[in-house]
Visitor: 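This structure is in structure tokens; I'll ask about it shortly.
As the structure is a prediction and not an experimental result, all values here were calculated from the model. Proteins come first, then strands; the chains are lettered A, B, ... in the order of their sequence lines, and each starts at number 1.
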Number of protein chains: 2
Amino acid sequence: MLTPNADWHAWTLSPESSSKTIPARRTVWHPKDWTEFVPVICSGWAAASIVLSNGHRQILSFLLPGDLVSTASLFGPISGRSVEAITEVQYRKFRRDDIKVLLRKNQDMLDQVSKLMIDEREQADHLAVDLGRRMADERIARQILYLAKRLAKRGMMNGQTMAFPLRHRHIADATGLTIHHVSKVLAAFQRAGLISIANRSLTITNVTELHKVGVWP
Amino acid sequence: MLTPNADWHAWTLSPESSSKTIPARRTVWHPKDWTEFVPVICSGWAAASIVLSNGHRQILSFLLPGDLVSTASLFGPISGRSVEAITEVQYRKFRRDDIKVLLRKNQDMLDQVSKLMIDEREQADHLAVDLGRRMADERIARQILYLAKRLAKRGMMNGQTMAFPLRHRHIADATGLTIHHVSKVLAAFQRAGLISIANRSLTITNVTELHKVGVWP
DNA sequence: CGAAAATTTGACTTTAGTCAAGATGGGTGG
DNA sequence: CCACCCATCTTGACTAAAGTCAAATTTTCG
């Protein structure tokens with residue numbers, strides 16, 4: 001998440017970076033689009049993913065307002081990643097070269113980006129652990145808990161309730177499972193009273209038990 | 001992989017960074033060791049991994065000579081990662097603050113680190129795709145092909161033959177499988193004439209077919 | 001050499017995937 | 001407002017992939 005500061009604000013006002021709106025379920029950013037610009041999500045939910053030739057897809061992260069798609073992409077073009085809007089999304093794009101200049105003259109911003117990089121690395125590590133070493137129910141519970149934590153940091157939780165625009169397809173692609181299995185696990189969670197989902201909104205009804213299922217710290 | 005340049009050489013000679021030797025199967029770096037220094041592998045093979053409380057482990061990458069353990073760790077302390085020697089390993093440790101200074105005054109090195117970051121991000125993406133969306137035989141074939149490619153870049157391939165100090169445990173922990181299943185898949189690969197393993201050395205005997213199994217580009 | 005670690009193998013179990021068929025639900029055009 | 005369409009979700013029966021357990025070998029290391 002990018003915390004704005006003076007320079008960043010100057011930026012977001014520059015003509016280059018006027019915000020664009022994309023309707024739900026449309027592609028925000030193609031794998032080929034990374035040469036010159038870098039997108040930042042301003043509102044809505046999106047997913048950064050890699051699509052295989054056989055049509056399978058791995059979601060690498062869900063993008064919430066304020067999220068840079070990838071910190072590494074600030075330093076040079078990355079390859080193969082696409083970004084898809086989950087809800088309607090507003091985003092801005094920044095010219096990489098301009099950001100580099102900004103980073104060089106602004107120590108404060110460099111520190112912030114350093115922190116982002118470390119966070120992102122840590123998130124990538126957790127993803128690998130989850131996909132490689134955890135059961136389906138753990139993965140799904142953890143995905144819910146990760147999201148709750150990130151939304152809370154943005155003041156987007158209402159008690160234990162959060163907006164939940166994700167389709168089962170998104171959860172499946174983020175956790176390496178099939179939509180059918182996701183459906184079964186979520187149904188089981190609801191039967192067990194851990195969560196309840198209605199109207200694209202999710203409430204954690206038993207935090208303790210959900211933590212236990214997700215082997216949460 | 002870090003390509004040495006003048007400044008880097010000055011570095012490796014500094015008293016702080018004299019090289020250390022660790023015998024095979026010993027821990028090189030503990031999860032708590034990241035506060036001030038950063039290790040670089042000079043010779044031998046190591047594995048960077050995360051260990052769960054239940055004893056399970058996910059290997060995030062195999063480290064070959066010249067590898068920095070994590071580029072993000074240059075910018076600040078990272079958490080939870082340990083590094084284990086697979087063969088006997090020589091490594092040097094660098095003080096993060098000194099590296100930062102070096103990076104600031106040396107444009108060339110900054111460019112190099114940028115490239116490293118992008119490579120590392122890409123490798124993390126591939127790991128997630130492999131763990132989330134591929135079958136056991138694909139994962140193992142790909143792991144062999146990744147290693148062959150990296151070794152080739154270092155001039156450490158002898159035709160289609162490479163040193164192969166990995167235990168089944170390492171392959172299992174890198175691919176998210178059990179040692180038993182790894183053993184079965186490797187046996188099948190050998191029966192099918194794709195590879196042959198002997199004396200801690202692996203030869204790819206049918207590149208085309210191994211590429212096919214690994215869905216290699 | 002002898003103990004400990006690693007590998008191999010087979011029988012059996014568990015987990016998650018595949019397939020198929022309905023149910024639900026939201027949005028659109030008449 | 002309703003009828004219809006499409007995407008999504010649900011469920012159950014069955015299959016396939018990988019894990020577990022156990023026991024024998026083989027290799028490695030001290």
Side-chain angles (χ1 to χ4, degrees), chain A residues 23-26 47 52 54-58 84-88 130-141 143 164-192 195-202 213 215, chain B residues 22-26 45 47 52 54-59 84-88 130-141 143 163-192 195-202 213 215:
Chain A
R25 281 176 311 130
R26 207 70 61 77
L52 299 184
N54 63 15
H56 283 181
R57 174 174 86 149
Q58 177 64 48
E84 184 210 298
I86 294 172
T87 64
E88 179 177 288
D130 289 348
L131 294 174
R133 288 292 178 217
R134 295 189 196 276
M135 308 271 92
D137 53 350
E138 290 182 68
R139 296 189 209 175
I140 292 176
Q143 193 64 66
F164 200 73
L166 302 182
R167 304 285 150 161
H168 290 184
R169 159 104 280 130
H170 295 118
I171 303 176
D173 287 345
T175 53
L177 302 167
T178 57
I179 47 171
H180 304 95
H181 201 62
V182 168
S183 176
K184 286 165 193 174
V185 172
L186 284 180
F189 281 4
Q190 293 184 80
R191 271 198 304 278
I195 61 174
S196 70
I197 301 181
N199 301 321
R200 307 277 145 218
S201 166
L202 184 154
V213 173
V215 196
Chain B
I22 297 269
R25 283 178 307 132
R26 208 69 62 76
W45 293 41
L52 300 185
N54 63 15
H56 283 181
R57 174 173 86 151
Q58 178 65 48
I59 291 181
E84 186 209 298
I86 294 172
T87 64
E88 178 176 287
D130 289 349
L131 294 175
R133 289 291 176 218
R134 296 190 196 275
M135 307 271 93
D137 52 350
E138 290 183 68
R139 296 189 209 174
I140 293 177
Q143 193 63 66
F164 200 73
L166 301 182
R167 302 284 147 161
H168 290 185
R169 159 104 278 131
H170 296 118
I171 303 175
D173 288 346
T175 53
L177 302 167
T178 58
I179 47 171
H180 304 93
H181 202 61
V182 168
S183 177
K184 286 165 192 173
V185 172
L186 285 179
F189 281 5
Q190 292 183 79
R191 270 198 305 277
I195 60 174
S196 70
I197 301 180
N199 302 320
R200 306 279 146 216
S201 166
L202 184 154
V213 173
V215 196

Visitor: By nearest heavy atom, map B/Ala24 and A/Arg169 onto DNA chain D; which one lands nearer the 5' end?
Guide: A/Arg169

Visitor: At under 4.0 Å, does any side-chain N or O of A/His168 touch on OP1 or OP2 of D/dT10?
Guide: yes

Visitor: Out of A/Thr175, A/Asp130, A/Val215, which one pairs with A/Glu138 under the side-chain contact (heavy atoms from CB on, under 4.5 Å) rule?
Guide: A/Val215

Visitor: Check the distance between D/dA7's C1' and A/Ile179's CD1 and give it to me in whole angstrom.
Guide: 10 Å

Visitor: Can you check the A/Asn54 CG to C/dG17 P distance for me, whole Å?
Guide: 14 Å

Visitor: For the residue pair A/Leu166 and A/Arg200, what are the closest heavy atoms and their distance?
Guide: O-NH1, 3.8 Å

Visitor: What is the distance, rounded to the nearest whole Å, between atom CD1 of A/Ile171 and atom P of C/dA16?
Guide: 15 Å

Visitor: Would you list the protein and nucleotides 16-19 of chain D atom pairs, both N or O, that sit under 3.5 Å from each other?
Guide:
| residue | atom | partner | partner atom | Å |
| --- | --- | --- | --- | --- |
| D/dA18 | OP1 | B/Ala136 | N | 2.7 |
| D/dG19 | OP2 | B/Thr178 | N | 3.3 |
| D/dG19 | OP2 | B/Thr178 | OG1 | 3.2 |

Visitor: Rounded to the nearest Å, what distance is computed from the CG atom of residue A/Asn199 to the P atom of nucleotide C/dG26?
Guide: 8 Å

Visitor: Take the protein atom CG of B/Leu186 and the nucleotide atom C1' of D/dT27, then report the distance between them rounded to whole Å.
Guide: 16 Å

Visitor: Side-chain N or O of B/Arg200 versus OP1/OP2 of D/dT28: is the shortest distance under 4.0 Å?
Guide: yes

Visitor: For B/Leu52 and A/Arg133, work out which heavy atoms get closest and say how close.
Guide: CD1-CB, 4.2 Å

Visitor: Mind checking whether B/Val182 and B/Arg169 have side chains closer than 4.5 Å, heavy atoms only?
Guide: no

Visitor: With respect to the phosphate group of C/dT8, does any side-chain polar atom (N or O) of B/Ser183 fall under 4.0 Å of OP1 or OP2?
Guide: yes

Visitor: Between B/Arg25 (CZ) and C/dA4 (P), how many Å, whole number?
Guide: 13 Å

Visitor: Can you confirm whether A/Asn54 is buried at CG, in the sense that more than 12 heavy atoms of other residues, nucleotides or ligands lie under 6.0 Å from that atom?
Guide: yes

Visitor: Assuming nearest nucleotide by heavy-atom distance, tell me which of A/His56 and B/Arg167 is located more 5' along DNA chain C.
Guide: B/Arg167

Visitor: Are B/Ile140 and B/Leu177 packed together at the side-chain level, in the sense that at least one heavy-atom pair is separated by less than 4.5 angstrom?
Guide: yes

Visitor: Separation of B/Phe189 atom CZ from C/dT8 atom C1', in whole Å?
Guide: 17 Å

Visitor: Grab the NE2-P distance between A/His180 and D/dC9 for me, whole Å please.
Guide: 11 Å

Visitor: Indicate yes or no: at least one non-hydrogen side-chain atom of B/Val185 is less than 4.5 angstrom from one of B/Arg139.
Guide: no

